[in-house]
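One structure below.
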Amino acid sequence: MSSTFSAGIRLLRRMAHVTAMLLVLSLPALAGWQEELSPPAPGDFQPLHPLHAKFKFGWTAFTAAEATVDYARAKGGLMRMSVNGKTTGFVRTLWRLDAHHSALMQPVTLHPISVVQTEIYRAQSVKLTLDYTPEGVTRLREVTPPDPKPPKPKHFAFANVLDLNSALQWVRSQPLRAGDRYKFVVCPAGTPYLAEVDVDGMRKIGAAHRSWDAIKLDLKLWRIDDNLSLKEHTKFKQGSAWFSNDANRILLRFEAELLVGSVWMELDSIEFKP
């Protein structure tokens, strides 16, 4: 009896050791992840044309929200991505949200300039402002009604940080050959992440009421703390994106496994502008 118990303890210890090793191996090297980043220069694929698009969002099998996207030229030769979204249907009766997102970007370098995002809920609104420079990003989060303590800007010092729009544009500009891997730092809202994108290959997918030849990409994220150490993203498990395999490389669909379950976004319609 005692020998069996001791053997079981040894087995559990070995399993714990192996599990710990696998977790360590599954993370990018903590001391060298910065050296593994992809070159920041955009690829040679042609830039995205101005457009107007509609997307629908869902949680598991339920459609839960919708958004319109306008990608257009702005003053000073910049490009602006404007997104207006809201929860819909039964979900809106439970969780009312109206959101606006505006992002400015340099079209040649794909460097982000600024992001202003407003989220309006039943009882409060949240405004997030991000200002990007080649050396980092400064973030300010303001809540209405205001918190007792006034908000303070936070600065993340790191070169070539991307926002959500510039990250999408940078990825679509790359060769995207099956087996390619890209690593970059993105700060889409208040937290910076290391993003790892693997090109899975070509697929057929349905979106916007038709069938598309698409390029499938798999996404992993790691949170970057104040000491530039990588931490596990506890809410985001993994994600996949599909870009059209044509001259436009439109984002057709995105799926993610989150702590709360599976969520998705899908193109509903698109119209290109002059």
Side-chain angles (χ1 to χ4, degrees), residues 22-23 25-30 32-49 51 53 55 57 69 71 79 81 103 105 107-112 158-188 192-208 210-224 230 232-233 235-258 262-267 270 272:
L22 290 174
L23 287 174
L25 292 174
S26 68
L27 292 172
L30 296 181
W33 67 268
Q34 299 177 52
E35 286 71 33
E36 297 177 356
L37 294 175
S38 302
D44 295 330
F45 198 83
Q46 66 180 10
L48 184 65
H49 294 291
L51 59 82
F55 286 86
F57 301 76
V69 177
Y71 184 65
M79 295 299 293
M81 180 75 79
M105 179 190 72
V108 177
T109 63
L110 302 186
H111 286 167
F158 199 90
N160 302 311
V161 178
L162 301 177
D163 72 329
L164 182 59
N165 173 41
S166 58
L168 287 172
Q169 305 304 329
W170 184 87
V171 168
R172 70 174 292 281
S173 78
Q174 303 301 320
L176 300 185
R177 297 177 293 258
D180 284 354
R181 171 173 289 179
Y182 305 99
K183 293 184 178 182
F184 52 91
V185 175
V186 58
C187 185
Y193 299 98
L194 168 66
E196 180 180 283
V197 173
D198 289 302
V199 184
D200 188 40
M202 306 304 158
R203 299 287 191 276
K204 283 280 189 180
I205 190 171
R210 55 163 285 194
S211 177
W212 302 75
D213 293 321
I215 307 169
K216 182 175 181 287
L217 311 175
D218 294 325
L219 171 67
K220 296 180 182 178
L221 294 175
W222 290 271
R223 182 172 59 85
I224 305 173
L230 299 183
E232 181 184 1
H233 195 319
K235 296 180 180 179
F236 182 93
K237 298 179 180 180
Q238 61 182 6
S240 295
W242 288 260
F243 284 86
S244 61
N245 187 24
D246 56 20
N248 296 311
R249 279 193 180 168
I250 299 300
L251 178 62
L252 301 172
R253 186 175 175 88
F254 181 78
E255 297 177 358
E257 293 294 328
L258 307 181
S262 300
V263 297
W264 52 268
M265 176 186 77
E266 184 177 292
L267 178 69
I270 186 168
F272 289 98

Handout entry: From CA spacing to verdict: side-chain contact (heavy atoms from CB on, under 4.5 Å), V185, L162
Key = CA-CA 6 Å; V185 175; L162 301 177; over 6 Å; no

Exercise for the section: Under the side-chain contact (heavy atoms from CB on, under 4.5 Å) rule, what do V199 and R181 come out as? Steps first, then yes or no, please. Expected result: CA-CA 6 Å; V199 184; R181 171 173 289 179; over 6 Å; no

Taking only residues two or more places apart in sequence or in another chain, which ones pass side chain to side chain contact (heavy atoms under 4.5 Å, CB included) with [X]?
{"X": "F272", "answer": "H49, L51, N248, I250, I270"}
{"X": "E255", "answer": "W242, R253, W264"}
{"X": "R177", "answer": "P175, D180"}

Problem - Results of side chain to side chain donor-acceptor pair (under 3.5 Å) for S38 - residues two or more places apart only - result: none

Handout entry: Under the side chain to side chain donor-acceptor pair (under 3.5 Å) test, residues paired with D218 that sit two or more places apart
Key = K216, S240

Kindly indicate whether the side chain of [X], heavy atoms from C-beta on, has any atom under 4.5 Å from the side chain of [Y].
{"X": "K183", "Y": "L37", "value": "yes"}
{"X": "Q238", "Y": "L219", "value": "no"}
{"X": "M81", "Y": "Q169", "value": "yes"}
{"X": "F184", "Y": "N160", "value": "no"}
{"X": "M105", "Y": "D163", "value": "no"}
{"X": "W33", "Y": "I224", "value": "yes"}
{"X": "L168", "Y": "F254", "value": "no"}

Exercise for the section: Can you label the angle between the Y182 ring and the W170 ring as parallel, tilted or perpendicular, going by 30° and 60°? Expected result: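 Rings of Y182 and W170: perpendicular, over 60°.
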
Practice task
Of all the heavy-atom pairs spanning Q174 and R249, show the shortest one and how long it is.
Solution key: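 Smallest heavy-atom distance, with atoms named: O-NH1, 2.6 Å.
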
Handout entry: Which residues share a ring pair (Phe, Tyr, Trp, His ring centres under 6.0 Å) with H111, sequence neighbours left out
Key =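 Not a single residue meets the ring pair (Phe, Tyr, Trp, His ring centres under 6.0 Å) criterion with H111.
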
Practice task
Among L251, L252, I205, find the residue that satisfies the side-chain contact (heavy atoms from CB on, under 4.5 Å) test when tested with S244.
Solution key: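 Checked L251, L252, I205 against S244; only one passes side-chain contact (heavy atoms from CB on, under 4.5 Å): L252.
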
